[in-house]
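Worksheet for the structure shown next.
These numbers come from the heavy atoms of this one structure, side chains and all, not from hydrogens, waters or symmetry mates. These numbers come from a predicted model, not from an experiment.
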Amino acid sequence: MTTLTVLYGPPSDPDRFRRYYEETHVPLAQALPGATDLEYTLEVDTVAGEPVHATFRARFANRTALDEALASPEGQAAQADVSNFADGTVTILVEET
């Protein structure tokens, strides 16, 4: 199992981020081929380290399935959309379990 996690740093306009993220970006992410167990959280708190405003998580059967999803038209559209709403840091994690 491969998990894709995206950590979004604090945006300059949290209300705009939420609105755009939920109305536009989440539907793009939900279209990723092979993605399961998609979930996101807004207004995340951390114990230490860099502040995180939101997280997104999706699971894939394996790394090949993740790579294929990101290379697909749906994956390309989701990746290209990030700059439309995320003006804070964006950290992408890939975890193998």
Solution key, residues 40-47 side-chain donor-acceptor pairs under 3.5 Å, sequence neighbours excluded:
unit_1	atom_1	unit_2	atom_2	d
Tyr40	OH	Glu22	OE2	3.1
Glu43	OE2	Arg18	NH2	2.7

(request) Taking side chain to side chain donor-acceptor pair (under 3.5 Å) as the test, write out the residues that go with Ser72, two or more places apart. (result) Glu74
(request) Apply side chain to side chain donor-acceptor pair (under 3.5 Å) to Glu23 and list each qualifying residue two or more places apart in sequence or on a separate chain. (result) none
(request) Evaluate the side-chain proximity of Arg16 to Pro11: yes if any heavy-atom separation is below 4.5 Å, no if none is. (result) no
In terms of hydrophobic clusters joined by side-chain contacts under 4.5 Å, are [X] and [Y] together?
X     : Y     : answer
Val52 : Phe17 : no
Val26 : Ile92 : yes
Leu4  : Val90 : yes

(request) If you link ILVMFWY side chains whenever their heavy atoms are less than 4.5 Å apart, which other residues fall into the same cluster as Leu28? By chain and number, please. (result) none
Would you please name every residue forming a side chain to side chain contact (heavy atoms under 4.5 Å, CB included) with [X], sequence neighbours left out?
X     : result
Pro10 : Pro51
Ala58 : Ala35, Leu38, Phe56, Phe60
Gln79 : Leu70, Gln76

(request) If a pair satisfies salt bridge (charged side-chain N to carboxylate O under 4.0 Å, His left out) and one of its residues is in residues 54-70, list it, with sequence neighbours excluded. (result) Glu39-Arg57, Arg63-Asp67
(request) Determine which pairs satisfy side-chain hydrogen bond (donor to acceptor under 3.5 Å, both in side chains) with at least one residue from residues 4-15, sequence neighbours left out, and list them in order. (result) Thr5-Glu95, Ser12-Asp87
(message) If the condition is ring-ring contact (aromatic ring centres under 6.0 Å, His included), which residues does His25 pass it with, not counting sequence neighbours?
(response) Tyr21, Phe85
(request) Give the C-alpha distance, both sets of side-chain angles, the deciding distance and a yes or no for side chain to side chain contact (heavy atoms under 4.5 Å, CB included) between Thr24 and Asn84. (result) CA-CA 10 Å; Thr24 304; Asn84 292 328; over 6 Å; no
